[in-house]
Amino acid sequence: DLFGMNVPDEQGNPEFLLGAIPRLIERAESNPRVPIYLVLDNIEAVQDSLRVELNPILWERSIVIPEINRKFILPKNMHIVFTMDESGEMRDEAFLNRVLRQKIGGMDQEDLKNLLVNKHKVNEDHAKKLSELYAMLGQEKWKQHGLRFSAQDFVNIGIYAKNRGKDIEFLKEEAYRYIFLRFRYQEDRKNFDAVFKALFGPAPEAYKQSYVEISDGKLIADGVQMEI
């Protein structure tokens, strides 16, 4: 919880525990020369009521916790960062007008390749293929409004394929299945097929279908063995 909540103690009596924001304020106050950051991801997806609760922080850099009758003032070394997905939308203009907005560009092809290899230990050839696919899809104009593919999508694909093995076929299948499901329009699916074919060759029809089977007491979904 960001502000705090009442929880029962060992005797069942309510006890108030400070949330993340007041605890970080206390940490910042005790370390005035150290910058403290609170990052709230995908702010466009949070409930309207939470954004309302954040208003005093944006207006006055302070919050009041009525349960303990205490006011917390944000010190100068504490900063709150809100992030939005590049395809996200927020209609709360009043909230947006209270913050300093900065658009940050996404990863380029080389950045993604290095991330896959160095951090996630993806095979370098596979990382190169994924980064090329990332760049090619980023250049397409999709009929589906707001459709974008993030670097995290390709990190997920790389990890899924790595966990299955080193064969390039695992990478092809994971990439195709993951991305194909994002499209709503047949026109976009055809465009994706063309991009995929240029990089990996034609996709088998089986990639467009899903199947689940149980064999020898093991669950197998789309060729991947899963624990039951």
Side-chain angles (χ1 to χ4, degrees), residues 41-46 83-91 101-215 218-227:
D41 205 10
N42 295 111
I43 191 63
E44 78 279 5
V46 307
T83 73
M84 287 181 61
D85 186 83
E86 58 184 352
S87 60
E89 296 182 2
M90 182 189 289
R91 297 180 181 178
R101 286 180 272 182
Q102 178 67 50
K103 185 174 182 179
I104 302 175
M107 286 189 172
D108 63 20
Q109 182 175 338
E110 190 64 22
D111 289 336
L112 177 59
K113 177 188 171 184
N114 292 335
L115 176 67
L116 290 167
V117 172
N118 298 329
K119 181 175 181 179
H120 299 286
K121 310 305 178 185
V122 173
N123 175 287
E124 187 165 356
D125 291 337
H126 291 189
K128 181 179 179 181
K129 286 286 188 181
L130 284 177
S131 60
E132 289 176 357
L133 182 60
Y134 168 73
M136 293 168 71
L137 293 180
Q139 296 172 359
E140 290 291 319
K141 301 296 182 182
W142 308 107
K143 181 179 179 180
Q144 185 173 325
H145 177 70
L147 179 63
R148 292 183 177 88
F149 299 96
S150 68
Q152 186 61 51
D153 290 322
F154 291 84
V155 168
N156 293 342
I157 294 168
I159 292 173
Y160 296 157
K162 182 187 73 171
N163 289 340
R164 292 182 64 184
K166 297 180 180 180
D167 196 314
I168 188 65
E169 292 300 321
F170 295 143
L171 181 71
K172 290 172 57 176
E173 182 175 359
E174 292 295 341
Y176 191 91
R177 289 183 182 278
Y178 188 104
I179 295 171
F180 186 79
L181 292 175
R182 298 281 296 276
F183 298 110
R184 298 176 184 172
Y185 298 105
Q186 189 63 28
E187 177 182 329
D188 288 341
R189 291 173 178 172
K190 288 182 178 179
N191 289 341
F192 169 61
D193 275 337
V195 172
F196 189 88
K197 182 178 180 179
L199 191 59
F200 290 105
E205 284 298 315
Y207 286 5
K208 302 177 183 180
Q209 303 170 1
S210 294
Y211 69 90
V212 176
E213 64 176 309
I214 297 178
S215 177
K218 298 176 182 178
L219 177 66
I220 301 175
D222 295 332
V224 181
Q225 180 176 311
M226 306 176 70
E227 297 293 334

Within this structure, what is the [atom1]-[atom2] distance for the pair [X] and [Y], rounded to the nearest 0.5 Å?
X	Y	atom1	atom2	answer
E140	R148	CD	CZ	14.5 Å
Q186	R189	CD	CZ	6.0 Å
N163	E174	CG	CD	9.0 Å
F170	I157	CZ	CD1	16.0 Å
L171	R164	CG	CZ	10.0 Å
K119	I159	NZ	CD1	9.0 Å

Note: [X]-[Y] ion pair, threshold 4.0 Å (strictly below):
X	Y	answer
K113	E124	yes
E173	R177	yes
K190	E187	no

Item to check | Aromatic centroids of W142 and F192 separated by under 6.0 Å | outcome: no

Donor-acceptor pair, distance only, cut-off 3.5 Å: does the side chain of [X] make one with the backbone of [Y]?
X	Y	answer
R184	Q144	no
T83	N42	yes
D188	K143	yes

Item to check | Minimum heavy-atom distance A127-V117, with the two atoms named | outcome: CB-CG2, 3.5 Å

Checklist outcome for this item: In short, L133 meets A175 closest at the heavy-atom pair CD2-CB, 4.2 Å

Item to check | Partners meeting side-chain contact (heavy atoms from CB on, under 4.5 Å) with N123 (sequence neighbours left out) | outcome: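 N123 satisfies side-chain contact (heavy atoms from CB on, under 4.5 Å) with D125, H126 once adjacent residues are dropped.
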
Checklist entry - Is L130 close to V155 at the side-chain level, that is, under 4.5 Å between some pair of heavy atoms? => result no

Checklist entry - Hey, does R182 have a side-chain heavy atom less than 4.5 Å from the side chain of F149? => result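 In contact.
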
Report, one line per pair, each donor and acceptor closer than 3.5 Å where one atom sits in a side chain of residues 193-206; sequence neighbours left out.
residue: D193; atom: OD1; partner: Y176; partner atom: OH; Å: 2.4
residue: D193; atom: OD2; partner: K208; partner atom: NZ; Å: 3.4

Item to check | Contacts of type side chain to side chain donor-acceptor pair (under 3.5 Å), residue Y178, not counting sequence neighbours | outcome: D153, N156

